[in-house]
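In the text below, chain A, chain B and the rest are named by the order of the sequence lines, each starting its count at 1. Here the structure is a predicted model, which is why all the values come from computation and not from measurement.
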Amino acid sequence: MAYWLLKSEPEEWSWAEQVAQGGKGAEWTGIRNFSARNNLRAMKKGEQAFFYHTGKERAIVGIVKVIAEAHPDSTDTTWGAIDVAAVKKLPTPVSLDQIKADKRLKGMVLVRLARLSVQPLTDAEWRIICQMGGLGSTR
DNA sequence: GCCAACGTTGGC
DNA sequence: GCCAACGTTGGC
């Protein structure tokens, strides 16, 4: 079971909009980068991902799960997309500053490759951020 | 709004 | 197949 992080500009697609889709979820589109696409293709149904807001917020705000694996992006079928549904909101959003300040998260892809829009996380990183976000030992 | 970092493209 | 040039992303 792998863990992921999905980045979005809140102006383009926000956590609030994601939540509004409920359990049926929504298509995660707009991937136009090869490494991101490779990660996207590795995502399996049921796996969880953090939802990160770029731009002004720069924080992980919630958790989504994969409900449909890679299929053609309906906005550009030469690329891929997945479907995700909101699982839960983080009681406390985890900001980029907090992530950068934590020595244990120094190796995180978010810190090293800020531009990659679909990123893998290690189990340890996932657990640390869940705790920072106020979810205790939930994973 | 600027600029650094990175990914992609295209000429050789 | 290398690498310079260019475009885009995203933090500051």
Describe the nucleic acid contact of A:Leu116 in one word from base, sugar-phosphate, nothing, applying a heavy-atom distance below 4.0 Å. nothing
Bounds of contact between DNA chain B and chain A, in 5' to 3' order, using a heavy-atom cut-off under 4.0 Å: B:dA5 to B:dT8
I'd like to check the ring-ring contact (aromatic ring centres under 6.0 Å, His included) partners of A:Tyr52; sequence neighbours left out, ordered by chain and number. none
With a non-hydrogen cut-off below 4.0 angstrom, is A:Lys100 in contact with a base, only sugar-phosphate, or nothing? sugar-phosphate
In short, salt bridge (charged side-chain N to carboxylate O under 4.0 Å, His left out) pairs touching residues 45-67 of chain A with sequence neighbours left out are none
By the rule that ILVMFWY residues connect when side-chain heavy atoms come within less than 4.5 angstrom, directly or transitively, which residues belong alongside A:Val66? A:Trp4, A:Leu6, A:Trp13, A:Trp15, A:Val19, A:Trp28, A:Ile31, A:Leu40, A:Met43, A:Phe51, A:Val61, A:Val64, A:Ile82, A:Val84, A:Val118
Test of understanding: with side chain to side chain contact (heavy atoms under 4.5 Å, CB included), list the residues that count as partners of A:Thr92, not counting sequence neighbours. none
Could you check which residues of residues 26-43 of chain A get a heavy atom under 4.0 Å from DNA chain C? Sort them by number, please. none
So salt bridge (charged side-chain N to carboxylate O under 4.0 Å, His left out) across residues 20-38 of chain A, not counting sequence neighbours, yields A:Arg32-A:Asp73, A:Arg32-A:Asp76
Only pairs at least two apart or in different chains count here, so list each ring pair (Phe, Tyr, Trp, His ring centres under 6.0 Å) that has a residue in residues 82-120 of chain A. none
Would you confirm whether A:Gln48, through its side chain, and A:Tyr3, through its main-chain N or O, come within 3.5 Å as a donor-acceptor pair? no
Results of side chain to side chain donor-acceptor pair (under 3.5 Å) for A:Trp79 - residues two or more places apart only: none
Side chain to side chain donor-acceptor pair (under 3.5 Å) contacts touching residues 99-108 of chain A (sequence neighbours left out): A:Asp102-A:Arg104
Axis deviation across the helix from B:dG1-C:dC12 to B:dC12-C:dG1, five-pair ends, to the nearest 10°: 10°
Using a side-chain heavy atom cutoff under 4.5 Å and only I, L, V, M, F, W and Y, what cluster partners does A:Val109 have? A:Leu113, A:Leu116
